[in-house]
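Read through the structure below, which is laid out as structure tokens, and then see the notes.
Just so you know, residue 1 is the first one in the sequence shown, and it goes up from there.
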Amino acid sequence: MEEEPIPMRVQTLAENNPTQVPPEYIQPPQNRPQIKIKTPTTTEDEDDDEDNTYSSSSTVPVIDLFGFDPDHWGDVRRQLGQACKDWGAFQVTNHGVPIGLLDRMRSVGNSFFKDSPMAYKLRYAVPPSSAASEGYGSRMLLTTSNDAVLDWRDYFDHHTLPLSRRNPSRWPDFPPTYREVVVEYSDCMKALAQKLLAFMSESLGLPASCIEDAVGDFYQNITVSYYPPCPQPELTLGLQSHSDIGAITLLIQDDVGGLQVFKDGEWIMVQPLSDAIVVILADQTEIITNGKYRSAQHRAIANANKARLSVATFHDPAKTMNIYPAPALVTESFPPRYCQIVYGEYVSSWYSNGPEGKRNIDKIIL
């Protein structure tokens with residue numbers, strides 16, 4: 001059987017120093033980011049200010065968890081509930097995950113992409129025709145449409161939970177600490193996700209275990225995304241607009257801004273904080289909370305001068321799980337807003353049709 005050709009990686013394209021973005025990466029005009037283009041009259045101060053400039057009076061909330069100190073639980077629940085209702089995304093500090101572990105996770109991810117040769121990376125390449133497979137790739141979606149626009153991004157996806165899916169031999173062994181760091185990071189992210197979902201449940205007046213029970217055992221993936229410098233960031237996206245399909249995503253980023261959340265008709269930059277973890281509510285939590293809490297529409301923009309790295313940890317239901325609004329949140333005056341779905345069917349639709357903002361969850365609104 002003839003082997004499928006391996007697609008060109010974005011990092012390879014960028015290292016060839018192109019002056020233009022290849023056509024398959026150019027977004028339609030309505031999807032392009034509003035990026036300040038540097039001109040000969042741009043001053044040094046303006047140049048140093050930010051590579052991708054957005055002005056907005058809004059900022060994604062930052063919530064201090066106080067190490068989950070019980071003396072602060074009431075205030076934390078209130079802030080968290082408001083952020084889930086208004087934004088669907090927020091940053092948390094004093095979250096109990098060692099800052100050194102966040103730094104090590106960023107470090108091993110950067111080392112894989114920047115320090116290992118392409119031949120080594122390709123040993124872990126995902127099959128080009130397989131959606132969301134574990135390993136090294138550039139293209140997540142199955143669509144074969146000629147007009148499908150590609151993201152300016154490479155990634156490595158790890159299957160980390162349940163333990164029956166976790167096989168570190170499928171992950172890089174360079175740098176030498178890579179695998180042990182990912183395992184430790186996986187366990188810490190699971191514990192934090194459980195604590196956050198408990199606070200979300202309680203903020204709605206529900207038992208602490210309500211949302212997690214509705215999700216079931218976590219299926220966790222950790223995706224390290226690498227966004228190389230882009231010659232025309234105003235024409236493309238590092239990651240197109242979407243909402244995550246699972247329950248809750250925990251994300252860390254480096255100091256190069258690029259993650260944006262859509263709110264009230266504008267894209268808001270999530271400012272990098274080295275000690276913070278970005279919390280992104282996903283579609284199944286919106287369904288379980290009957291729309292009281294919203295999943296966040298977000299995207300990543302490219303940067304003309306700097307590579308960017310992020311690490312997203314997804315916590316999803318099993319594909320056999322039936323997901324529906326929590327009965328305690330359904331009343332005569334607030335009936336169910338969403339159809340019951342089988343999570344695996346929802347996933348298949350997302351990967352086959354593409355995200356395009358929140359269109360997948362919008363389809364199941366009653």
Would you say the side chains of Arg299 and Asn31 form a donor-acceptor pair under 3.5 Å?
-> no

Donor-acceptor contact present, side-chain Asn290 to main-chain Pro335, <3.5 Å | yes

Taking ILVMFWY side chains as joined if any heavy atoms are under 4.5 angstrom apart, and letting links pass through other members, which residues group with Leu366?
-> none

Could you list the donor-acceptor pairs under 3.5 angstrom formed between side-chain atoms of residues 85-93 and any protein atom two or more places apart in sequence or on another chain?
unit_1 : atom_1 : unit_2 : atom_2 : d
Asp86  : OD1    : Gln82  : NE2    : 3.4
Asp86  : OD2    : Gln82  : NE2    : 2.8
Gln91  : NE2    : Gln271 : O      : 3.0

Nearest heavy-atom pair of Pro168 and Arg179: which atoms, and what distance?
-> O-NE, 2.9 Å

When every non-hydrogen atom of Gly238 is compared with those of Asp151, the smallest separation belongs to O-CB, 3.1 Å

Would one find more than 12 heavy atoms of other residues, nucleotides or ligands at under 6.0 Å from atom NZ of Lys363?
-> yes

Distance-only side-chain donor-acceptor flag, Arg166 / Ser186, under 3.5 Å = yes

Taking side chain as C-beta onward, heavy atoms only, is Tyr178 less than 4.5 Å from Asp173?
-> no

Quick one: does Trp73's side chain have a donor or acceptor within less than 3.5 Å of a partner on Phe68's backbone?
-> yes

Distance-only, no hydrogens or angles: does the Ser116 side chain make a donor-acceptor pair with backbone N or O of Phe112 under 3.5 Å?
-> yes

Side-chain heavy-atom pair Cys230, Thr236 within 4.5 angstrom cut-off = yes

Show your reasoning for whether side-chain contact (heavy atoms from CB on, under 4.5 Å) applies to Val182 and Thr160.
-> CA-CA 8 Å; Val182 172; Thr160 44; 4.1 Å; yes

Heavy atoms only: give me the nearest Pro229-Ala304 pair and the separation to one decimal.
-> CB-O, 3.8 Å

So do Leu251 and Gln253 actually touch side chain to side chain, heavy atoms under 4.5 Å?
-> yes

Salt bridge flag under 4.0 Å for residues Arg104 and Glu184 | yes

Report yes or no: do Trp350 and Ile365 belong to one cluster of Ile/Leu/Val/Met/Phe/Trp/Tyr joined by side chain heavy-atom distances under 4.5 Å?
-> yes

Group every Ile, Leu, Val, Met, Phe, Trp and Tyr by side-chain heavy-atom contacts under 4.5 Å, then state whether Phe314 and Val126 land in the same group.
-> no

Ser225 and Arg153 side chains, donor-acceptor separation under 3.5 Å | yes

For Thr289 and Tyr293, indicate whether the former's side chain and the latter's backbone hold a donor-acceptor pair under 3.5 Å.
-> yes

Qualifying residues under side chain to side chain contact (heavy atoms under 4.5 Å, CB included), relative to Gln340, sequence neighbours excluded | Asn322, Tyr324

State, to 0.1 Å, how close Leu206 and Ala328 come at their nearest heavy-atom pair, and which atoms those are.
-> CD2-CB, 3.5 Å

Regarding Gln220 and Thr313, is there a side-chain donor-to-acceptor distance under 3.5 Å anywhere?
-> no

Residues at least two apart in sequence or cross-chain that pass side chain to side chain contact (heavy atoms under 4.5 Å, CB included) with Ala193, listed by chain then number, are Phe218, Ile248, Leu250, His315

May I ask you to decide whether Asp103 forms a salt bridge with Arg106, counting only side-chain N to carboxylate O separations under 4.0 Å?
-> yes

Is any side-chain heavy atom of Phe113 less than 4.5 Å from a side-chain heavy atom of Val224?
-> yes

Side chains of Thr320 and Tyr343: closer than 4.5 Å at any heavy-atom pair?
-> no

Okay, side chain of Ser203, backbone of Met200: is any donor-acceptor separation there less than 3.5 Å?
-> yes

How far apart are the C-alpha atoms of Met105 and Ile252, what are their side-chain angles, what is the distance that settles it, and do they pass the side-chain contact (heavy atoms from CB on, under 4.5 Å) test?
-> CA-CA 9 Å; Met105 188 65 234; Ile252 60 173; 4.3 Å; yes

Among the clusters formed by ILVMFWY side chains lying less than 4.5 Å apart, do Tyr227 and Val270 turn up in the same one?
-> no

Could you check His158 against Tyr185 for ring-ring contact (aromatic ring centres under 6.0 Å, His included), going step by step and ending with a plain yes or no?
-> CA-CA 12 Å; His158 314 73; Tyr185 188 80; 9.6 Å; no

Cluster question for you: counting only ILVMFWY and a side-chain heavy-atom cut-off of under 4.5 Å, with indirect links fine, are Val97 and Leu309 together?
-> yes

Is it true that a side-chain atom of Arg165 and a backbone atom of His159 form a donor plus acceptor pair closer than 3.5 Å?
-> no

Polar side-chain atom of Asn303 near backbone of Lys306 as donor-acceptor pair, under 3.5 Å | yes

Looking at residues at least two apart in the chain, or sitting in another chain, which of them share a salt bridge (Lys or Arg N to Asp or Glu O under 4.0 Å) with Asp64?
-> none

Specify the closest pair of heavy atoms between Ser138 and Arg9, including all atoms of both residues, with the distance to one decimal.
-> OG-CD, 3.2 Å

Taking side chain to side chain contact (heavy atoms under 4.5 Å, CB included) as the test, write out the residues that go with Asp71, two or more places apart.
-> Asp69

Nonpolar side-chain network containing Leu163, other nodes, edges under 4.5 Å | Leu161

Test item: Thr223 and Val311 side chains (from C-beta on) under 4.5 Å apart, heavy atoms = no

Verify the cluster assignment for Tyr219 and Tyr155: are they in a single hydrophobic cluster under the rule of side-chain heavy atoms below 4.5 Å apart?
-> no

The remaining residues in the hydrophobic cluster of Phe334, counting side-chain heavy-atom contacts under 4.5 Å among Ile, Leu, Val, Met, Phe, Trp and Tyr, are none

Met269 versus Ile301: any side-chain heavy-atom pair under 4.5 Å?
-> yes

Trace of the side-chain contact (heavy atoms from CB on, under 4.5 Å) decision for Cys84 with Arg294 = CA-CA 6 Å; Cys84 291; Arg294 54 184 289 187; over 6 Å; no

For Trp171 and Glu134, test the side chains for any donor-to-acceptor distance below 3.5 angstrom and give the result as yes or no.
-> yes

Sequence neighbours excluded, which residues qualify as side chain to side chain contact (heavy atoms under 4.5 Å, CB included) partners of Leu235?
-> Ile26, Arg32, Gln232

Below 3.5 Å, can you tabulate the donor-acceptor pairs from side chains in residues 273-287 to any protein atom, sequence neighbours excluded?
unit_1 : atom_1 : unit_2 : atom_2 : d
Asp283 : OD1    : Ser243 : OG     : 2.8
Asp283 : OD1    : Ser295 : OG     : 2.8
Asp283 : OD2    : Ser243 : OG     : 3.3
Asp283 : OD2    : Tyr346 : OH     : 2.5
Gln284 : NE2    : Ile245 : O      : 2.7
Thr285 : OG1    : Ala247 : O      : 2.7
Glu286 : OE1    : Ser295 : N      : 2.8
Glu286 : OE1    : Ser295 : OG     : 3.0
Glu286 : OE1    : Lys358 : NZ     : 2.8
Glu286 : OE2    : Tyr338 : OH     : 2.6

Sequence neighbours excluded, the answer for ring-ring contact (aromatic ring centres under 6.0 Å, His included) partners of Tyr120 is Tyr124

Can you check whether Glu345's main-chain N or O pairs, donor with acceptor, with Ser349's side chain at less than 3.5 Å?
-> no

Looking at residues at least two apart in the chain, or sitting in another chain, which of them share a salt bridge (Lys or Arg N to Asp or Glu O under 4.0 Å) with Asp75?
-> Arg78

Glu332 atom CD: more than 12 heavy-atom contacts under 6.0 Å | no

What pair of heavy atoms forms the shortest contact from Ile323 to Ala214, and how long is it?
-> CD1-O, 3.6 Å

Taking the side chain as C-beta and beyond, is there a heavy-atom pair between Trp152 and Pro233 under 4.5 Å?
-> no

Are the aromatic rings of Tyr226 and Phe156 close, with centres under 6.0 Å apart?
-> no

